[in-house]
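Written out below as structure tokens is the structure these notes cover.
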Protein chains: 2
Amino acid sequence: MNYTKKLIVAPGSKVRLREFDPAFHGKGAAEQNADEELAAAKARLGELQRKMYGDNQHSLLIVLQGLDAAGKDGVCWHVIGGMDPQGCKVQGFKVPTAAEAAHDFLWRIHQHAPAKGEVAVFNRSHYEDVLVARVHKLVPRKVWERRYDLINEWERLLQVENGTTILKFCLVVSKEEQLRRFAERLDDPHRQWKISDADYKEREFFSDYLDAFDEALERTSTAQAPWFTIPCDHKWFRNLAVANIVAEALEAMDLQYPKPTVNLEQVRREYHSAVGEEKAGGKRKKD
Amino acid sequence: MNYTKKLIVAPGSKVRLREFDPAFHGKGAAEQNADEELAAAKARLGELQRKMYGDNQHSLLIVLQGLDAAGKDGVCWHVIGGMDPQGCKVQGFKVPTAAEAAHDFLWRIHQHAPAKGEVAVFNRSHYEDVLVARVHKLVPRKVWERRYDLINEWERLLQVENGTTILKFCLVVSKEEQLRRFAERLDDPHRQWKISDADYKEREFFSDYLDAFDEALERTSTAQAPWFTIPCDHKWFRNLAVANIVAEALEAMDLQYPKPTVNLEQVRREYHSAVGEEKAGGKRKKD
């Protein structure tokens, strides 16, 4: 399956997450080989990312958003974990601090944009400011309405000025599967602490979130910074889809190992001279 | 082997890296099983680190220093790569910027100290300010001389105030093996770009670096923030040693999954009520 083509939100297209199938998994044939396929995709990811780090010309920003329990954390562990931690940073964004709230909404985000050669993964992001901010009326409509354009312009800045590729993943889980996952946590002593009152309270707003996502995806899926809707009822499919889309984007960068900055021939001569001297020195000592 | 006991620089002890064997690998029996042992150690690391992230009471700072080509980058990829990128950040420190140089030497370092629940890995660190700064006389002796105490006091702050465990690794490679690794890079098109003039120039100062490390380790290996000298001529041993020492430190934290912040019984009732309502709602729709 070409995950990129299959799951991209084509710029300008309508989005209706209500009609999206979160249980989609292609023909499902991949499930039996999912572990091996994921291991292969992670190895490819790691190799490409290390090449990007060496190349030092491009950077990659991965935005993870989605419905609660769809698997943002799971993607970090199972997919992003394939990258070299040197050159790859995961940044979570929680409720803004007082200092952050006293700035424009992109201020705290901008400082975590990836440098050349680096990957930045946002676990939640500036999109919270048109999602939770809209659903819970944290700011008036006229404020969140204008943010779509501000986001597009800011993402364009990263792309134009610093060669940043931006991939945005909207992780979609069905309401039933979400409830099943909450229930799983209830019975798992290792995960009970993850349960918050908010989980259940937010379920009342499930439908409002779908509306908010629809508009966010429609208005901010651009050729340079596309959204992908990822069906997440099957974790194995979710992981495979994200891993392959990221790997395809890295491959499209046409990465090159940089040219040496030194005169290799001269270094070779120096090297052989050093070997000679050290051998001579070593012999002298032994004499 | 108990790597921690074997490789720790006991606080107050003398350090003579000249007499240290960088090719040490215990009985070497582990070499045949090194890949499997490392895979097991990484899995253990990942599990413990994720527990620490949940526990949210401790934090871990890993300092990587060492001689050029000993393998700081290799440790990041082969060992730290076993951790969940969410909650683990690798920070490199290069030549200070003008703004950084206009502050005290710990200013730029402090902002990367790990938050509760997090792991921070420093690839090079504040120790450069008593290593390269001393070897290349970037500051007068009286300036670097007083830094050992300043470092100990700052590390104590992290430990006392934020529950940070600090593990410092000095990666030691022999001068011969270093030269062999430089030569390898010369012939590997994927790694030629990593060669800099500095590599060879720094070799002239190999002995000065050993002196600088000796004093740094002697004066800053404390019970709370010990140094470990890691023999690095064998990469498999280096990786196993670091992975096991970190895992042992995490185990010593006596990590607990935190208690749920919600009333689980109440959540269970709400859950069952939600299931009931949604089922009823679903039926109604179908009617």
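Just so we're clear, the structure is a prediction, and the values are computed from it rather than from any experiment. The sequence lines fix the lettering, A, B, ..., with proteins before strands; numbering per chain opens at 1. FYI, side chains are in, hydrogens and waters are out, and symmetry mates aren't considered; it's all heavy atoms of this structure.
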When you look at [atom1] of [X], are more than 12 heavy atoms from neighbouring residues, nucleotides or ligands closer to it than 6.0 Å?
| X | atom1 | result |
| --- | --- | --- |
| Glu47(B) | CD | no |
| Asp211(A) | CG | yes |
| Gln192(A) | CD | yes |
| Asp35(B) | CG | no |

| Pro260(B) side chain near Ile195(A) side chain, heavy-atom distance below 4.5 Å |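 Answer no - side chains too far apart.
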| task | Let me know if Arg50(A) has heavy atoms under 4.5 Å from chain B in its side chain, its backbone, both or neither. | result | side chain
| query | Tell me, side chain or backbone of Cys76(A) under 4.5 Å from chain B's heavy atoms, or both, or neither? | reply | both
| query | Among Lys194(B), Arg191(B), His190(B), which residue meets the side-chain contact (heavy atoms from CB on, under 4.5 Å) test with Tyr257(A)? | reply |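 Result: among Lys194(B), Arg191(B), His190(B), His190(B) is the only option passing the side-chain contact (heavy atoms from CB on, under 4.5 Å) with Tyr257(A).
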Nearest-0.5 Å distance that lies between atom [atom1] in [X] and atom [atom2] in [Y]:
| X | Y | atom1 | atom2 | result |
| --- | --- | --- | --- | --- |
| Asp84(B) | His78(A) | CG | NE2 | 8.5 Å |
| Lys89(A) | Gln86(B) | NZ | CD | 15.5 Å |
| Trp193(A) | Asn56(B) | CH2 | CG | 7.5 Å |

| Which one, Gly46(B), Gly54(B), Cys88(B), leads in non-hydrogen pairs under 4.5 Å with chain A? | Gly54(B)
| task | Could you tell me which of Asp187(A), Val90(A), Leu264(A) has the largest number of non-hydrogen atom pairs under 4.5 Å with chain B? | result | Val90(A)
